[in-house]
**Q** 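Sharing a structure here in structure tokens format.
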2 protein chains.
Amino acid sequence: MQSQNISDIIEKYLKSILADAEHVEIRRSEIADLFNVVPSQINYVIKTRFTIQNGYLVESKRGGGGYIRIEKVNLLDDADVLDTLIQVIGDSITQRDAYAVVQSLYEDGVLNRREAQLILVATDRNTLGVDDHDLENSLRARIIIGILNHLRYES
Amino acid sequence: MQSQNISDIIEKYLKSILADAEHVEIRRSEIADLFNVVPSQINYVIKTRFTIQNGYLVESKRGGGGYIRIEKVNLLDDADVLDTLIQVIGDSITQRDAYAVVQSLYEDGVLNRREAQLILVATDRNTLGVDDHDLENSLRARIIIGILNHLRYES
DNA sequence: ATAATGAAAGTCAATATTAGTCAAAGATTA
DNA sequence: TAATCTTTGACTAATATTGACTTTCATTAT
């Protein structure tokens, strides 16, 4: 029942490789063939599911012998993680990216499950309930950054 | 057995699945077809019969491979206390009153210190940073109510 | 060296595929 | 009869898929 769309399946496939390895390196057309989609769909999957907010770094090369390489990075490795995250968020963030950020913080133990849920609820589209999207995204950014800044003084 | 309208029948159908399973995941148009109703009637059924007050959590996704997923959750004992608070808050709350609400939840052991702090930061005037006071107060109300609704069940 | 060629990946907008909203019309109940 | 609940459908929004066109890079030919 789960993940009926191909993008989700490709995402899972790539993540299953990343579960065992430091990074994946693919040939775009090969993966596209494997799942019977057009090559640009691979870009779509990467763009929507392997963002820096999700903790992934992507690099690629065109031309002969080209590739796409996805690496899982630990955003919390270096001392000023919070600064990094705050920069990444900027003054606006979509719900999807916010989910990714909070997920990363949870995976890295900065937040426990309950706290992560609270933040997601507080920044949920329906919770905020504003019709202006720019306002919604900027509110979400302010709330998350406010919380991140608070976490800094707590620990 | 009064009034077996279609909404009731659809409700029973979904609940019968939930009797055996953790959750139901449907394709809206399929269920609509199955019962010969327009798709939006499924939304009506969900909105009127699968509320969080009744212990149901609903999530969905649009686009290819989209779905609606209904999950039955365990309501906690605090549920009616939270209901009362939600009523009191209504659609607007000042920062001062919000502080009092969060404080009492902390004293009642519903929230720990860290969680209480998170909520206060998220709803702080400076965090929200909107000029319009009415908007600020209504946003604060929405955020706190969203969180209270989340606290009704265990995740 | 330089130019031409081909083999990748990137971009972007059109289209397709779902679900959500809202208000009007109809039905039922108090 | 008035109030409430249900049904319907037109319109909106989010997400996914596709393909034409562009850019980059390596290799081969001049």
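So you know, we letter chains A, B, ... as the sequences are listed, proteins then strands, and number each from 1.
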**Q** Record whether the side chain of A:R28 comes under 3.5 Å of the base of C:dA8 through a donor-acceptor pair of N or O atoms.
**A**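 Donor-acceptor pair under 3.5 Å: no.
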**Q** Taking 4.0 Å as the cut-off, does a side-chain nitrogen or oxygen of B:K61 come that near to OP1 or OP2 on D:dA16?
**A**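 True: B:K61 side-chain N/O within range (under 4.0 Å) of D:dA16 OP1/OP2.
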**Q** Touch check for A:I42, heavy atoms < 4.0 angstrom, all strands: base, sugar-phosphate only, or nothing?
**A**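 Here A:I42 touches no strand at all.
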**Q** Between atom CG in B:N43 and atom C1' in D:dC5, what is the gap in whole Å?
**A**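 Rounded to the whole Å, the gap is 17 Å.
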**Q** When you get a sec, tell me which of D:dT6, C:dG20, D:dT17 is the closest nucleotide to the side chain of B:I68?
**A**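 That would be C:dG20.
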**Q** Taking the side chain of A:D8 as its heavy atoms from C-beta onward, which of D:dG9, D:dA16, C:dA8 lies nearest to it?
**A**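 Output: D:dA16.
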**Q** Can a donor-acceptor pair be found, under 3.5 Å and without considering hydrogens, that links the side chain of A:R69 to the backbone of A:E25?
**A**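 No, because the side chain of A:R69 does not come within donor-acceptor range (under 3.5 Å) of the backbone of A:E25.
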**Q** Give a yes or no on whether B:Y99 atom OH has more than 12 heavy-atom contacts from other residues, nucleotides or ligands under 6.0 Å away.
**A**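 Open: at most 12 neighbouring heavy atoms sit under 6.0 Å from OH of B:Y99.
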**Q** Give a yes/no on whether any side-chain N or O of A:H133 is located under 4.0 angstrom from OP1 or OP2 of D:dA14.
**A**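 The answer is yes; a side-chain N or O of A:H133 sits under 4.0 Å from OP1 or OP2.
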**Q** From C-beta outward on B:Q41, which listed nucleotide comes closest to its side chain: C:dA9, C:dT21, D:dT8?
**A**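 Per side-chain heavy atoms of B:Q41, the pick is D:dT8.
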**Q** Can you tell me how far P of D:dT7 sits from CD1 of B:I46, to the nearest Å?
**A**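 Whole-Å distance recorded here is 15 Å.
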**Q** Can you figure out which of D:dT8, D:dT18, C:dG10 approaches the side chain of A:S60 most closely?
**A**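 Out of D:dT8, D:dT18, C:dG10, the nucleotide with an atom closest to A:S60's side chain is C:dG10.
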**Q** Are OP1 or OP2 of D:dA16 and a side-chain N or O of A:R49 less than 4.0 angstrom apart?
**A**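 Yes, such a contact exists.
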**Q** Can a side chain N or O of A:R27 be found less than 4.0 Å away from OP1 or OP2 on C:dA8?
**A**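 For C:dA8, OP1/OP2 do have a side-chain N/O of A:R27 under 4.0 Å.
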**Q** Considering heavy-atom distances to DNA chain C, does A:N126 or B:G64 have its closest nucleotide positioned more toward the 5' end?
**A**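 Nearer the 5' end of the strand: B:G64.
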**Q** Rounded off to whole Å, could you give me the CZ-to-P distance for the A:R125 and C:dT21 pair?
**A**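 Whole-Å distance recorded here is 10 Å.
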**Q** For C:dT11 and A:S40 - does any side-chain N or O of the residue sit under 4.0 Å from the phosphate oxygens OP1/OP2?
**A**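 A:S40 to C:dT11 OP1/OP2: no side-chain N or O under 4.0 Å.
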**Q** Classify A:G66 by what it touches in the nucleic acid, base, sugar-phosphate, or nothing, heavy-atom distance under 4.0 Å.
**A**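 Sugar-phosphate contact only.
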**Q** In whole Å, what is the span from the CD1 atom of B:I26 to the C1' atom of C:dT18?
**A**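 Taking CD1 of B:I26 and C1' of C:dT18, I get 12 Å after rounding.
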**Q** A:E59 CD to C:dA9 P: how many Å, rounded?
**A**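 After rounding, the gap between these two atoms is 14 Å.
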**Q** Can you tell me the distance, in whole Å, between the NZ atom of A:K47 and the C1' atom of D:dA16?
**A**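 Distance check: A:K47 NZ to D:dA16 C1' gives 13 Å.
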**Q** Among B:I119, B:V81, B:L82, find the residue that satisfies the side-chain contact (heavy atoms from CB on, under 4.5 Å) test when tested with B:L105.
**A**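 Answer to the side-chain contact (heavy atoms from CB on, under 4.5 Å) test with B:L105 among B:I119, B:V81, B:L82: B:L82.
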**Q** Reckon A:Y44 touches a base, only the sugar-phosphate, or nothing at all at heavy-atom distances under 4.0 Å?
**A**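 Answer is base: heavy atoms of A:Y44 come under 4.0 Å of a base.
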**Q** Kindly say if A:S7 contacts the phosphate of D:dT17, meaning a side-chain N or O under 4.0 Å from OP1 or OP2.
**A**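 Yes.
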**Q** Would a distance-only check, ignoring hydrogens and angles, find a side-chain to backbone donor-acceptor pair under 3.5 Å from A:S138 to A:D91?
**A**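 Side chain of A:S138 to backbone of A:D91: no pair is present.
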**Q** How many angstroms lie between CD1 in A:I70 and CG in A:L14, if you round to the nearest 0.5 Å?
**A**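 Reported value, rounded in 0.5 Å steps: 5.0 Å.
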